[in-house]
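Working notes, beginning with the structure itself.
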Amino acid sequence: MPESPCSSTSPKTRLTQISAHIAPMSTTSFQADTVPQAPEDPLFGLMAAFRKDTFENKIDLGIGAYRDNNAKPWVLPVVKKADEILRNDPELNHEYLPIAGLPSFTSASQTLILGADSPAIKEKRVTSLQTISGTGAVHLGALFLSKFYHPNTERSVYLSNPTWVNHHQILSNVHLPAQTYPYFSAKTKGLDFEGMIGAIENAPEGSIILLHACAHNPTGVDPTQEQWKEISKVMQAKKHFPFFDCAYQGFASGDLNKDAWAVRYFVDEGFELCIAQSYAKNFGLYGERAGCFHFVTGSSSDAEFTISRIASQLAILQRSEISNPPAYGARIVSTVLNDPVLFAEWEANLRTMSGRIIDMRKTLRAKLEEMGTPGTWNHITDQIGMFSFTGLTEKQVWKIREDAHVYMTKNGRISMAGLNTHNINTFAQAIDKVVRETY
Ligand code: LMR
């Protein structure tokens with residue numbers, strides 16, 4: 001049988017041939033072809049590039065997610081136990097949570113961040129909503145402030161320079177203008193305290209100041225308690241509004257109370273403030289998206305009424321955006337936080353993670369110093385938490401990726417959790433080589 005003229009043409013080619021004869025016509029006034037290409041997310045883009053790399057001994061120091069000494073994700077033993085309890089609960093169902101989330105989760109989250117004896121909790125000056133992890137909490141807070149926060153002067157949110165890249169996007173999505181305050185000193189690889197305090201002092205009265213509660217992302221540099229007191233003093237004088245992002249409680253020092261010190265100090269100082277809390281890192285619940293947003297009002301006779309009005313508005317925002325939050329991650333967290341035995345086990349798991357990271361910091365610094373790698377390396381152990389801001393330049397970062405298949409963000413941030421006893425030598429040698437070549 002003779003071949004039909006079309007039989008060798010794939011459906012796709014046929015479609016192209018047909019559509020070539022039809023003038024493109026938009027059925028709406030939306031010019032879809034004018035939508036510009038957005039840049040790839042720097043962190044998730046890096047993760048994708050790492051996955052694509054087929055080199056056997058590649059090293060992932062990109063995204064901030066804990067890895068064990070074999071570079072594998074670690075499900076916290078206490079999370080496994082809570083998971084078991086939940087799965088065996090005959091009462092477990094998949095009904096909607098309330099708009100504000102699981103009450104046993106939000107109340108335990110308040111206690112965790114503010115402390116069991118917090119006057120703000122006792123005086124019912126706090127409202128809390130379960131969110132889609134810390135990102136959702138930052139977003140909900142920013143959205144709320146964009147609608148209801150109207151200081152007399154120009155309204156901006158001041159972000160540390162640098163900060164977690166997503167902060168900028170979240171603010172721009174809710175049309176809150178962002179400014180920055182200096183934070184990292186390239187010279188000392190520590191805190192530029194003078195620069196920070198000066199910028200906060202010069203910001204228009206009533207500005208929103210976004211602060212990392214502990215384990216600053218990306219630098220790993222935190223103010224000391226004395227510096228926090230200074231920051232609080234200046235912010236009080238300027239009537240600034242603090243917005244704490246707390247993604248690493250217990251993960252930074254291994255001590256939950258120590259890591260919450262700054263937030264609690266500001267609350268005790270009488271600030272009205274909000275807090276975005278994430279359980280991604282400290283529970284290893286990255287994909288479960290368990291987080292919480294807290295708004296704390298100052299102490300006043302009608303604080304309870306104020307907070308209930310704020311809660312009502314937050315509930316409307318939440319309902320219109322996500323309706324109600326996902327249940328499973330919050331149930332795991334709630335099971336642990338509300339059981340003293342499991343809570344103690346969680347604290348031990350936190351010490352395992354923070355302890356391994358601290359060991360990696362010590363080892364990396366020691367190796368660089370042993371090799372006499374040009375420069376100073378004390379910042380590796382001075383910095384705290386998941387990340388270290390190595391001081392490597394973008395050029396050096398690319399070179400290390402090319403030579404040793406090490407993946408880190410282009411600003412020289414490394415996730416310390418990606419280092420382990422098997423790969424730390426290779427990494428230290430790669431730094432040594434690139435620094436000598438480009439010093
Ligand atoms: C990071 O900074 O790597 C993490 O907080 C992950 C993320 O969502 O960006």
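Only a predicted model underlies this, so the values are computations on that prediction, with no experimental measurement involved. Start at 1 and go down the list; that is how both ligands and their atoms are numbered.
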Could you check whether any side-chain N or O of Arg413 sits under 3.5 Å from a backbone N or O of Met408, counting only pairs where one atom can act as donor and the other as acceptor? no

Would a distance-only check, ignoring hydrogens and angles, find a side-chain to backbone donor-acceptor pair under 3.5 Å from Lys281 to Gly64? yes

Does any N or O in the side chain of Asn338 come within less than 3.5 Å of the main-chain N or O of Ser104, such that one atom is a donor and the other an acceptor? yes

Applying salt bridge (Lys or Arg N to Asp or Glu O under 4.0 Å) to Glu269 and not counting sequence neighbours gives none

Is Lys58 positioned over the aromatic face of Tyr407, cation under 6.0 angstrom from the ring centre and no more than 45 degrees off axis? no

SB check Glu201 Lys238 (cutoff 4.0 Å): no

Short N or O separations between ligand 1 and the protein, below 3.5 Å:
{"from": "ligand 1", "atom 1": "2 (O)", "to": "Trp164", "atom 2": "NE1", "distance (Å)": "3.4"}
{"from": "ligand 1", "atom 1": "2 (O)", "to": "Asn217", "atom 2": "ND2", "distance (Å)": "2.9"}
{"from": "ligand 1", "atom 1": "2 (O)", "to": "Arg413", "atom 2": "NH1", "distance (Å)": "2.9"}
{"from": "ligand 1", "atom 1": "3 (O)", "to": "Gly64", "atom 2": "N", "distance (Å)": "2.8"}
{"from": "ligand 1", "atom 1": "3 (O)", "to": "Arg413", "atom 2": "NH2", "distance (Å)": "2.8"}
{"from": "ligand 1", "atom 1": "5 (O)", "to": "Lys281", "atom 2": "NZ", "distance (Å)": "3.0"}
{"from": "ligand 1", "atom 1": "9 (O)", "to": "Trp164", "atom 2": "NE1", "distance (Å)": "2.8"}

